[in-house]
Structures are given as C-alpha cells and as structure tokens.
*Asks:* 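Next up is a structure, given as structure tokens.
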2 protein chains.
Amino acid sequence: MILDSETKAVELPDDHGTELRLWLRLLTCTTLIEGEVRSRLREKFDVTLPRFDLMAQLDKVSDGMTLSDLSKRMMVSNGNVTGLVERLVESGHLDRRTSETDRRVQFIRLTKLGRAEFRKMAAEHEKWIADIFGDLSPKDIRELMRLLAKAKGSAQRSAKARNA
Amino acid sequence: MILDSETKAVELPDDHGTELRLWLRLLTCTTLIEGEVRSRLREKFDVTLPRFDLMAQLDKVSDGMTLSDLSKRMMVSNGNVTGLVERLVESGHLDRRTSETDRRVQFIRLTKLGRAEFRKMAAEHEKWIADIFGDLSPKDIRELMRLLAKAKGSAQRSAKARNA
DNA sequence: TGCAATTTCTTTATACTTCAAGCAATTGGC
DNA sequence: GCCAATTGCTTGAAGTATAAAGAAATTGCA
C-alpha cells in the first residue's frame with residue numbers, strides 16, 4: 001500500500017490489480033455455474049453442455065440455420081460445429097439439408113425428436129438457473145445485467161482495436 | 001405479457017426468464033474475454049490458456065503445490081491436471097518431486113525458467129485485462145465485484161443443496 | 001467472360017476435458 | 001496390528017476445442 005503526503009491511499013500509475021481481480025471473479029463465477037449445469041445435464045438427461053447449447057440455438061428458429069451461423073452464435077470454431085452436428089445427426093436429434101441455391105451451405109434443423117427432447121431439458125434447465133441465482137434480488141439482477149453489458153461492450157472495443 | 005384485472009403487468013408464477021438472460025449474458029461476456037485472452041497468449045507467447053492458468057496458480061506459492069491442490073484451485077478434474085503438468089514438465093517449465101512422508105503425493109513447482117517466463121507473460125496479461133475492462137469506472141468495478149460475489153455465493157448454496 | 005478473392009464447410013494435428021475405473025499408499029476405527 | 005475406507009494420482013475412452021490447410025462453390029469485378 002502506498003500512502004501520499006496526506007496519508008491517503010493512492011494507486012500506483014499502472015496498478016491494474018482491481019481489473020485482474022474482477023476478471024478472476026467473473027471467471028470463477030462462470031466456471032462454477034457452468035460446472036453445475038454440466039453435472040445436472042449429464043445426471044438428469046445424459047447430455048453434454050455443448051450439445052444442449054447447440055440445440056438451444058436451433059430451437060430459437062423454425063426453419064434451420066447454417067453451420068456458420070451456429071459457429072458465430074456459439075462463439076466456437078467452424079470445425080467444432082461440424083463434429084457436434086455430425087454426432088447430433090447421428091443420434092437423430094438434427095436434420096441437415098443442402099441449400100438449393102448455394103451448394104456449399106447446409107441448413108441444420110432440430111428433428112421432431114430433437115425439439116421435443118430439448119424442450120423438456122430446457123424447462124428443467126430454466127429452473128436450475130433460477131435456483132442458482134436465487135439469492136439475487138430483481139434489483140441485483142438488473143444491475144448485473146447492466147454492468148455485464150457494459151463489460152461486454154468494453155471487451156468488444158478492446159478486441160476490435162487489437163485487430164485493427 | 002400478462003395483465004391482471006387492474007391492467008398492471010404481472011409475472012407468471014414461474015417465469016424465470018430474467019435469470020436465464022442473466023446467465024446467458026454472463027456466459028457470453030466470459031467467453032468473449034476468455035477468447036480474447038487466449039488469442040493474445042497464443043499470438044504473443046505461443047502458450048495456451050490452461051498452461052498459463054496452471055503456472056499462475058504455482059506462481060502464487062514458493063514451495064510448490066500438490067496435483068490435488070491444483071485441480072481444486074483450477075476447478076478442473078484430476079486427470080486433466082495430470083496431463084497438463086506432464087506437458088509442462090516436459091517443456092522444462094515445471095518440476096515435480098515426491099513427498100517423503102506420503103509417497104502418493106507429488107509436489108509441483110515452477111522451475112527458474114518457468115517462473116521467469118510466467119512473470120513476463122503475467123505482466124502483459126495484466127495490461128490486456130485492464131484494457132479489456134477499460135470502459136468500466138472504479139465504481140462499476142466495485143459494484144460488479146460485489147454482485148458477482150453474491151452470485152457466486154448463491155451458486156454455491158444451490159450446488160451444495162443438490163448434493164445434500 | 002474470366003478468374004482471383006471470398007465464403008462455406010471439412011479435415012487434420014494437437015491439445016484440453018470429463019468421467020469412470022483402477023492402482024498404490026495412507027488413515028481410522030476396532 | 002488388521003483391514004475397510006479414504007486419498008492421491010494415473011489411465012483410457014469419448015468428447016470438445018483450436019488453428020491451419022484445403023476442397024468446393026459462389027461472387028465480384030475488370
């Protein structure tokens with residue numbers, strides 16, 4: 001701790017300790033919840049988190065999505081999605097058909113089975129999440145939403161600047 | 001939207017949409033930052049995030065840590081740590097020796113090389129994080145810290161209840 | 001039209017990750 | 001002192017993840 005001439009605590013010019021601690025806390029918090037959700041999904045439905053996430057993306061649309069869309073929305077690599085989709089088609093949860101106007105493109109959809117199973121899981125999942133955040137007041141939630149939005153914007157600005 | 005008899009908006013008894021949206025935002029935010037940090041580590045130092053994280057744990061102590069300690073602190077499985085440590089010993093960053101009082105236990109330490117390289121990376125890393133959160137005011141950071149601590153506590157309570 | 005750039009997706013190599021099973025060492029009753 | 005339970009770690013199988021290279025199709029523009 002550094003004290004100035006009037007014995008008040010001051011920061012070193014580039015002490016970025018608070019940001020680092022914030023990042024570690026954010027990461028811990030997310031990892032903790034993610035692990036919990038992963039366990040419950042495996043335990044109750046014998047499904048992995050990546051598969052659940054992929055199905056969640058597809059459940060939001062009725063007419064299917066391309067692999068590229070999926071990888072963008074899930075923020076994972078293209079090749080990763082290829083493999084996930086492959087296994088979910090194999091298990092009968094997804095359905096793929098090639099675009100008629102652009103033969104590079106594959107539209108991926110949930111099958112009836114896939115959608116039915118997903119809906120069942122999603123209903124439980126939503127309750128788990130509500131319980132996991134159960135100690136937070138509506139005001140806490142609003143504040144967190146606001147601050148995380150700000151953090152996201154800041155991170156995007158930083159990432160963009162690096163790639164410019 | 002549901003309206004009651006006096007035409008005021010009311011919630012369905014178990015609509016947990018806000019918690020779910022909070023979780024998705026938290027996850028997005030973390031994934032975004034994690035991806036950014038991962039890219040930069042690879043680009044500047046040709047190191048993976050898990051290796052960096054493991055070295056960060058070891059840098060906090062002078063006399064080494066056991067594999068179990070590492071896996072608890074990193075919140076990953078035991079087998080995962082075994083592999084990570086193996087590769088880092090191989091590359092000369094870590095050092096392992098068996099406990100003399102309990103031959104099951106292995107103490108893992110950073111080598112001189114490992115510590116030197118880590119310190120260099122950590123200094124850069126701290127600046128990246130500061131930049132990534134650069135749009136947040138000190139007050140924003142304090143608030144986020146507080147709310148994330150509360151969220152973490154809530155998640156732990158929920159996880160504990162499930163395993164009871 | 002021609003053809004270079006781009007886009008979409010797959011493949012490959014390598015690494016990370018979990019879970020579950022298993023081995024060896026230690027501990028805690030009795 | 002014995003032995004069942006526990007602890008620390010490793011292994012193996014399956015799955016998830018990235019980056020990089022490549023194949024196929026489309027687009028854009030001279």
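Scope of the values below: all heavy atoms of this structure, side chains included, with no hydrogens, waters or symmetry mates.
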*Asks:* For the helix from C:dT1-D:dA30 to C:dC30-D:dG1, what is the angle between the axes at its two ends, each from 5 pairs, rounded to 10°?
*Replies:* 20°

*Asks:* Are B:Glu34 and B:Arg38 ion-paired here, with the side-chain N under 4.0 Å from a carboxylate O?
*Replies:*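 A salt bridge links B:Glu34 with B:Arg38.
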
*Asks:* Take atom CG of A:Asp102 and atom P of D:dT26, then tell me their distance rounded to the nearest Å.
*Replies:*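 It works out to 5 Å between those atoms.
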
*Asks:* With no hydrogens and no angle check, is any side-chain donor or acceptor of B:Arg87 less than 3.5 Å from a backbone partner on B:Arg51?
*Replies:*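 Answer holds: no.
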
*Asks:* Using modelled atom types only, decide if a donor and an acceptor are shared between the side chain of B:Arg25 and the backbone of A:Met145 within a distance under 3.5 Å.
*Replies:*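 Yes; judged by distance alone, with no hydrogens or angles, the pair exists.
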
*Asks:* Between B:Ser154 (side chain only) and A:Ile132 (backbone N and O only), is there a donor and an acceptor less than 3.5 Å apart?
*Replies:*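 Yes, B:Ser154 side chain to A:Ile132 backbone: donor-acceptor pair under 3.5 Å.
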
*Asks:* Without decimals, in angstroms, what is the distance between A:Glu34 CD and D:dT16 P?
*Replies:* 13 Å

*Asks:* Contacts to DNA chain C from residues 71-100 of chain A, heavy-atom cutoff under 4.0 Å, which residues?
*Replies:* A:Asn78, A:Gly79, A:Thr82, A:Arg96

*Asks:* Between the main-chain N or O of B:Ser137 and the side-chain N or O of B:Asp140, is there a donor-acceptor pair closer than 3.5 Å?
*Replies:*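 Side chain of B:Asp140 to backbone of B:Ser137: a pair is present.
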
*Asks:* Which whole-number value in Å describes the distance from B:Glu36 CD to D:dT18 P?
*Replies:*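 About 14 Å, once rounded to whole Å.
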
*Asks:* Using heavy atoms to find the nearest nucleotide of DNA chain C for A:Ser39 and A:Asp69 separately, return the residue whose nucleotide is more 5′.
*Replies:*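 Comparing both residues, the 5'-ward one is A:Asp69.
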
*Asks:* For the pair made of CD in A:Gln106 and P in C:dT7, what is the distance, rounded to whole Å?
*Replies:*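 From A:Gln106 CD to C:dT7 P: 19 Å.
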
*Asks:* In residues 43-67 of chain B, which residues come under 4.0 Å of DNA chain C by heavy atom?
*Replies:*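 DNA chain C contact set from residues 43-67 of chain B: B:Thr48, B:Pro50, B:Arg51.
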
*Asks:* Using whole Å, what does the distance between atom P of nucleotide C:dA13 and atom CZ of B:Arg42 come to?
*Replies:* 17 Å

*Asks:* What is the distance from CZ of A:Arg103 to P of C:dT10, rounded to the nearest Å?
*Replies:*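 The distance from CZ of A:Arg103 to P of C:dT10 comes to 15 Å, rounded to the nearest Å.
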
*Asks:* Donor-acceptor pair, B:Ser91 side chain versus B:Leu88 backbone, under 3.5 Å?
*Replies:* yes

*Asks:* Under 4.0 Å between a Lys/Arg side-chain N and an Asp/Glu carboxylate O for B:Arg162 and A:Glu36?
*Replies:* yes

*Asks:* Between the base of D:dT26 and the side chain of A:Arg104, is there a donor-acceptor distance below 3.5 Å?
*Replies:* no

*Asks:* Would you tell me if any nitrogen or oxygen in the side chain of B:Ser68 comes within less than 4.0 Å of OP1 or OP2 on D:dC9?
*Replies:*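 For B:Ser68, the contact criterion (side-chain N or O under 4.0 Å from OP1 or OP2 of D:dC9) is met.
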
*Asks:* What integer distance in Å separates B:Phe107:CZ from D:dC9:P?
*Replies:*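 Between P of D:dC9 and CZ of B:Phe107: 9 Å.
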
*Asks:* With a sphere of 6.0 Å drawn around NZ of A:Lys152, does it hold more than 12 non-hydrogen atoms of other residues, nucleotides or ligands?
*Replies:* no

*Asks:* Are A:Phe45 and A:Phe52, when compared by the centres of their aromatic rings, separated by less than 6.0 Å?
*Replies:*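 That pair fails the under 6.0 Å test.
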
*Asks:* Going by side chain to side chain contact (heavy atoms under 4.5 Å, CB included), A:Thr30 matches just one of B:Thr28, B:Thr30, B:Thr31. Which one?
*Replies:* B:Thr30

*Asks:* Checking the side chain of A:Thr111 only, and the main-chain atoms of A:His93 only, is there a donor and an acceptor separated by less than 3.5 Å?
*Replies:*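 Between the backbone of A:His93 and the side chain of A:Thr111 there is a qualifying donor-acceptor contact (under 3.5 Å).
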
